[in-house]
Amino acid sequence: MTEVSLRLSDMERFFEGVVPSIIATCSADGIPNVSYLSHVVLVDEQHVGLSNQFFATTAANLAENRHAAILLVDGTNGNQCRLRAVFVRTIFEGPLFSRMSSQLDASSSQVGMTGIMRLRGVDIFRVESVTLTPAPSPAPVTPPQREPLLTATAEMTRKLIEPGGSLDRAIDELLAWMRTVLGCDRAVVFMADNQARSLTTAASLGYERSGVGSEIAFSSGIFGGAAATGEIVKISDLSRTRRYSEAVRASTRDENLTRTIAVPMDPDSLSQIAVPMIVHGELQGVLGAESRQRLAFTNIHESALIIAAQHLAVLVALSEAQAEAPKADRQFERPAAEPTLPVIEVRHFRFDDSIFIAGEYIIKGIAGRLLNHILRVHLETRRLGFTNRELRLEASLRLPEFKDNLETRLLLLRRRLADKASPIQLVPVGRGEFLLQLKGRPVVVSVEDPRS
Amino acid sequence: MTILVSPTGAGRRVHLVSEITDFIQGEVMIILGTCSRGKLPDIGRGVGCRVLAAGDTVEVLVSAWQWPGTVANLRDTGEVAVTFVRAADYRAYQIKGRATLVDCTPEHHGLCDRYIAAATAALADQGVPTAMTEMWLMPRDLVVAHIGIRSLSIKTPGADAGTLVGERR
């Protein structure tokens, strides 16, 4: 073997874990042992962390003889390298442990081993040498290029906070950046409801159906997993299982019958990444991406997505905090009734507050109550302009008293109406106020029962 | 638990039953752990395996060109752990024993070629490109590790991982 001078930080692709890593140890009396590893992570330039799950012999050997050999494989080209390493300690808590534990839970569930591959600890090793294994056509180990992506990411964050910007525009900017700069063919932004412990799709790109307004529970799949744990979850190769795709296919039923919008997920994805959006410890949402390429999301993508997710999280929190500031002089009223306009049939089902417009399911729950209320106020007063403040004070809406997330709920409702190309739209016209835009005369019928 | 080794009589030898013999001679990935005289472990891949007629000895083929450290350890100390893993379902077993190196015959070369073809096809079924498999499975400068089986253990992930199912005393 050729000893070459390699920096661990130049070898990120060896740590993606698509091809399982392996550790060899030996006892004090020279009896070797081999174990497969779920995850090996780069800790710093001298250290790696190994998932410690179920190998008692390895632990016993390391207690007697701290030397180990670790075989890593670059999942993009098959390059192999051997680390000679010395066991330092096992950690059972902290950020590295949490990150690896979430990652392990996600990848275990993808291969039908939920609960079996539980992380016991993270074994930290000091790396003493890195040796590339001879191969018929060895590919050079090249460090990933960071600078162009860093520049493009900085430009994207500048756009997010431009004067006159809005959360809607920020979400669209971010998705466009994911497509053009990161090369994500499918991306999604979820907003979090921490009381209901669910994520709602605010926007997506690249999917057959946008899924705007669809919900998934915290801990469901990798997007819900990132929400539940607050940790990044990444799967680099889903090719070994198709259970996931069955679940996705089963969920794409007729939303008009089920009153359930299908979550945007691609059954043929090979790579997935979910990055939580967190401000001051509070989850605001999750940024997700999928690809039909193996190993689509490198550590550099991960870093860029963290920057994007954190910026969007701050903007979501800011939009809730700055919601109240309507201008007094704005004229929203329609001068007179226009009976010649076509009728827009709106049905409101009281049992779940679901709303159907022209026979199409739109939304249910609190968002359904909001839309029903807005339309009824319009029918009674002819008013088209509304403020978030008046909605917040409206007792019949039964908004949560603490952290009502009204801005986010309105954003989701707005985007769902736009996604359905509904004849009823909500258009933001300033901070904390919006306009009801109608392509006809709404007629709202409230019914008790879905069979009505 | 399934009986994975045959009754051992006086309890002195591990004989693999046909189920295990078939498994480790199949299209499984073969990983060797070895140890130097200075107690430094090393890792290498095998490129073929056969269980000899008595069922208590296996021969594992290794490329000395690709895994010189492993071959040096086999020559110097002979202590070896060999793990056999099926990529399709992670089922895995490990044998341990002491190896001696024997001459590589044309028969071994034929075994190596058949193994590489079968393992490459099995990995392709799991989505691993052939170009990648070629980086791992080298038929160059073959040596044969002749290993007397001292123990057999389950290495499949789960509650039974590490369970010793046969040991020579």
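Every chain is numbered from 1 and lettered A, B, ... according to where its sequence line falls, protein lines coming before strand lines.
The part of T34(B) that comes within reach of chain A is its backbone (N, CA, C, O), which places non-hydrogen atoms under 4.5 angstrom from that chain. In this structure, the portion of V85(B) lying under 4.5 Å from any heavy atom of chain A is its side chain and not its backbone. Looking at N77(A), the atoms closer than 4.5 Å to chain B (heavy atoms on both sides) all sit in the backbone: N, CA, C or O. In this structure, the portion of D29(A) lying under 4.5 Å from any heavy atom of chain B is its backbone and not its side chain.
With a 6.0 Å radius and a threshold of 12 heavy atoms from other residues, nucleotides or ligands, Q293(A) has its CD atom at or below the threshold. The environment of CD in E208(A) is sparse: at most 12 heavy-atom neighbours from other residues, nucleotides or ligands sit within 6.0 Å.
For M135(B) against Q80(A), the heavy-atom pair with the smallest separation is O-NE2, 3.5 Å. Heavy atoms only, all atoms of each residue included: A81(B) and P32(A) are closest at CB-O, 3.4 Å. Summarising the geometry of P41(B) relative to H67(A), their closest heavy-atom pair is CG-O, 3.5 Å, with the distance given to 0.1 Å.
Expressed to the nearest 0.5 Å, how far OH of Y36(A) lies from OG1 of T83(B) amounts to 7.5 Å. Between atom CD1 of residue I31(B) and atom OG of residue S35(A) there is a gap of 11.5 Å, rounded to the nearest 0.5 Å.
Side-chain atoms of M132(B) and V19(A), non-hydrogen and from C-beta on, do get closer than 4.5 Å to each other. At least one side-chain heavy atom of N33(A) sits less than 4.5 Å from a side-chain heavy atom of K155(B). Residues W136(B) and T133(A) form no side-chain contact, since every pair of their non-hydrogen atoms from C-beta on lies 4.5 Å or further apart.
The most heavy-atom pairs under 4.5 Å with chain A, out of K39(B), M29(B), R45(B), M138(B), come from K39(B). Chain B forms the most heavy-atom pairs under 4.5 Å with one residue out of N65(A), N61(A), V34(A), I70(A), and that residue is V34(A).
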**Prompt:** Should K96(B) and T57(A) be marked as a side-chain contact (heavy atoms from CB on, under 4.5 Å) after you check the CA-CA gap, both sets of side-chain angles, and the distance that decides it?
**Reply:** CA-CA 13 Å; K96(B) 291 189 181 182; T57(A) 309; 3.9 Å; yes
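Judged purely by atom type and a 3.5 angstrom limit, E79(B) has no side-chain atom pairing as donor or acceptor with the backbone of I31(A).
A salt bridge between D42(B) and R84(A) is present, with a side-chain N of the basic residue lying under 4.0 Å from a carboxylate O of the acidic one.
Of the residues L83(A), L71(A), I23(A), the one that meets the side chain to side chain contact (heavy atoms under 4.5 Å, CB included) test with I43(B) is L71(A).
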